[in-house]
Amino acid sequence: MAVETKTPAKHSAQGNRNSGRSGEPRRDAPRSSGPSQPKPPRPAESKPAKPAEAKVIELPESISLRDLATKINVSPINVIRELMQNGVMATINQQLDFDTAAIVASAFGWEARPIPVVVESQIPEEVAVTPDGKPAPVGKVMTLKQRLLAKEQAENESALKPRPPVVTVMGHVDHGKTSLLDAIRKTDVASAEAGGITQHIGAYMVEHQGKKVTFIDTPGHEAFTAMRARGAQVTDIAVLVVAADDGVMPQTREAIAHARAAQVPIIVAINKIDKPNANPELVKKELSELGLVPDEWGGNTLFIPVSAKQRKGIEDLIEGILLVAESLDTIKANPNRRAVGTIIESRLSKSKGAMATVLVQNGTLNVGDAFVAGGVYGRVRAMFDFRGQSVKKAGPSVPVSITGMSEVPIAGDILEVVEDERAARALAAQNQAKREREGNVQRATSLEQYFAMAKASKAKKMFFIVKADNQGSLQPIVEQLQKLNSTLSSEKGEEIRLEVIHQGTGDVTESDVNLAIASGAVILGYEVQVDTAARRKAESNHVDIRLYNVIYNLLEDVELAMKGMLAPKVIEKVVGTAEVRQTFKIPKVGIIAGVRVTNGVAMRNAKVRILRGDQVLHTGAVASLKRLTEDVKEVRQGFECGIGIEGFEGFKPGDIIEFIVQEEQTKPA
């Protein structure tokens, strides 16, 4: 993902997103049309002077900020600082394109070189050419990567044109998000004249007074953040729907956290104002306490009353979106270049084969274009707009459904038009190999990593998600965490910032883990559990979840991490699960559960957690473990055994028993 180093700091988030769509960095001057002319040198003042002898490092076409920092042996914070000095705000999981990564690497004394897509011996005869398409002399055969880069057209400010803003609508499940989206669709006269929506492709456009707006129709903020976790940043503005008769709900808070993690402006649509018990002022008060202060109260958030049911205020909402878009002055793209976009949805059609919805973010996509999207390649065979009508081309911010792919792509993958299908096939193979090699894991930041950076005296910012059993516990924890900012800054004389990006009551959910993956946050839980789906996702994505039953211990861990003195983390690991099949009453012993080990190993010296559905019934120790009539230390998957639990006899068939061991984690996850 390309990052423009000339974006003004105050609009850095939007600038970073626009540049990510371009697939290439800007330069002050266009390249010469002659094939033998070298690229103009990069401005020397944009980075510190390199050492006389730079170390050489090979980098892929795209690399996360975290992985780049690891390769060049520096803290991710220093990489973020270097980007900030160039006017770019980036997160630790941000994807950087090769040119941007090379600039950062050079600032730390490294000379970056691209990893060749193919070796010269593998290049077909017709690929061995110079940039103007002529046969290359012996000894000057170009790799496929070099050929593609040589043919790319440089972009500059004059090539960028305003494009329609891309909007995602989020909010609590019962607050009318779907109804509002339907009302917006029906407001679009052009759609009505065309016979209505005939095909759902996950995105659509509306026109208001000659200006267009693109709406992404996602299932919710979980999908919104899951795409961000894959490096796709498609949204310019988030519309938060809040019911006037209900106010702020848990999912409202989650939606705010997800929008803030994406660093996009929020517009509040106060829905259901037609209801007798509607109280818009209460909604404003509750949201202002969360940092969304209405513009009429002196804040910078637009609050627009609407009624999706009666279709009132819809035009005001669209006008508000256009107003915010104009104020950003960064929603631009170059329509006169090869297209770059993001896969919004994908599916397999019985009649048309693999299909995908693409949001074009830069350039223009044409029928017949060869493209690559992750490990998928192809040529655009047919293209349809959101009305189901066949189109020949699609410009920036236009959503279209396309056919002609080698297989169904993954939502969130970046689609990029390349020179020909041969190039697309080679790049797809490279992307697939990289994905298999890295496991496609976006790793969240852990307290140990924060500790390592603090120990090295690196200035940093720490992100946390806090969950507690009730509001009475939650508020004091958040207040005490925020106090650590001023306390530690004054003690150490350096900037150490802590930010709670989301807080809520109840168990840790999959939505919390999604947010942690996308933002690089640590999840802190007080007197709560982690639901099964969230635990599995956290383990596979290396999200750091810490559970406490003493507030002091929670605050102490965070403070030690900020001071750089955190002890090794003790983590819980589920080593096996078993399902209760029946129960037995043994005289002088009590109730014993007859179980079948369904996964891993049942261990006698492990702790156990007994689940009934999503409810945790009991946590304790194993009293006895028998296989037939023998006492055993462990029973493996597929075998049956009898188990007794200290302090618990309320087994029922279907209960799940998890066997847990504690391990000391001595190095960062």
Side-chain angles (χ1 to χ4, degrees), residues 439 441 446 469 506-510 512-513 523 525 527-550 553 567-667 669:
V441 173
S446 68
D469 57 341
D507 289 346
V508 177
T509 65
E510 192 172 3
D512 298 322
V513 176
I523 300 177
E527 291 286 7
V528 296
Q529 300 292 332
V530 183
D531 69 35
T532 304
R535 187 184 303 111
R536 289 172 182 166
K537 189 155 196 173
E539 289 174 354
S540 62
N541 289 275
H542 301 274
V543 172
D544 192 5
I545 302 178
R546 295 186 173 240
L547 304 178
Y548 302 87
N549 51 24
V550 178
N553 292 339
K569 174 188 174 186
V570 176
I571 60 173
E572 287 189 347
K573 181 179 180 182
V574 178
V575 295
T577 56
E579 181 182 358
V580 176
R581 296 297 182 88
Q582 54 186 321
T583 59
F584 306 94
K585 187 171 183 180
I586 307 298
K588 299 182 180 180
V589 175
I591 303 298
I592 299 296
V595 305
R596 181 180 180 84
V597 181
T598 56
N599 187 41
V601 182
M603 302 174 63
R604 184 172 182 175
N605 60 351
K607 284 177 59 180
V608 293
R609 184 162 45 220
I610 303 172
L611 306 174
R612 185 170 297 161
D614 291 331
Q615 182 183 3
V616 178
L617 299 180
H618 180 75
T619 300
V622 177
S624 63
L625 185 66
K626 289 180 179 288
R627 168 82 177 135
L628 301 177
T629 59
E630 298 287 329
D631 286 318
V632 293
K633 292 183 177 180
E634 61 181 42
V635 179
R636 297 192 173 276
Q637 180 178 342
F639 291 95
E640 296 182 342
C641 60
I643 183 171
I645 306 298
E646 291 183 2
F648 184 81
E649 294 186 344
F651 301 104
K652 285 187 179 180
D655 288 347
I656 300 297
I657 302 177
E658 293 183 334
F659 296 83
I660 305 163
V661 297
Q662 292 188 331
E663 295 181 351
E664 187 176 271
Q665 187 173 298
T666 57
K667 58 182 180 180

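Note that this is a predicted model, so its numbers are computed, not measured.
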Is there a donor-acceptor pair closer than 3.5 Å between any side-chain N or O of His618 and the backbone N or O of Glu649?
no
Sidechain-backbone polar pair: Asn541 side chain, Lys537 backbone, donor-acceptor under 3.5 Å
yes
Residues passing the side chain to side chain contact (heavy atoms under 4.5 Å, CB included) test with Val622, sequence neighbours excluded, are Arg604, Val608, Leu625, Ile643, Phe659
Hey, does [Y] have a side-chain heavy atom less than 4.5 Å from the side chain of [X]?
X      : Y      : result
Thr577 : Glu579 : no
Val601 : Gln637 : no
Cys641 : Val632 : no
Leu617 : Gln615 : yes
Phe639 : Arg596 : no
Arg581 : Glu640 : yes
Thr619 : Lys607 : yes
Phe651 : Ile657 : yes

List the atom of [X], the atom of [Y], and the distance in Å for their closest heavy-atom pair.
X      : Y      : answer
Arg546 : Asp544 : NE-OD2, 3.4 Å
Gly506 : Val528 : O-CG1, 3.4 Å
Asp469 : Glu527 : CB-O, 3.4 Å
Gln529 : Asp507 : N-OD1, 3.0 Å
Ala606 : Ile660 : CB-O, 3.4 Å
Ile523 : Val543 : CD1-CG1, 4.1 Å

Out of curiosity, Arg636 CZ to Arg627 CZ, how far, rounded to the nearest 0.5 Å?
13.0 Å
Taking atom OG1 of Thr532 and atom CG of Leu611, what is their separation to the nearest 0.5 Å?
5.5 Å
Mind running side-chain contact (heavy atoms from CB on, under 4.5 Å) on Arg612 and Ile656 for me, showing each step along the way?
CA-CA 6 Å; Arg612 185 170 297 161; Ile656 300 297; over 6 Å; no
After noting the C-alpha distance and the side-chain angles of Glu539 and Arg535, does the key distance pass the side-chain contact (heavy atoms from CB on, under 4.5 Å) rule?
CA-CA 6 Å; Glu539 289 174 354; Arg535 187 184 303 111; 3.7 Å; yes
Show, in sequence, the C-alpha distance, side-chain angles and deciding distance for Ile592 and Thr583, and conclude whether the side-chain contact (heavy atoms from CB on, under 4.5 Å) test is met.
CA-CA 6 Å; Ile592 299 296; Thr583 59; over 6 Å; no
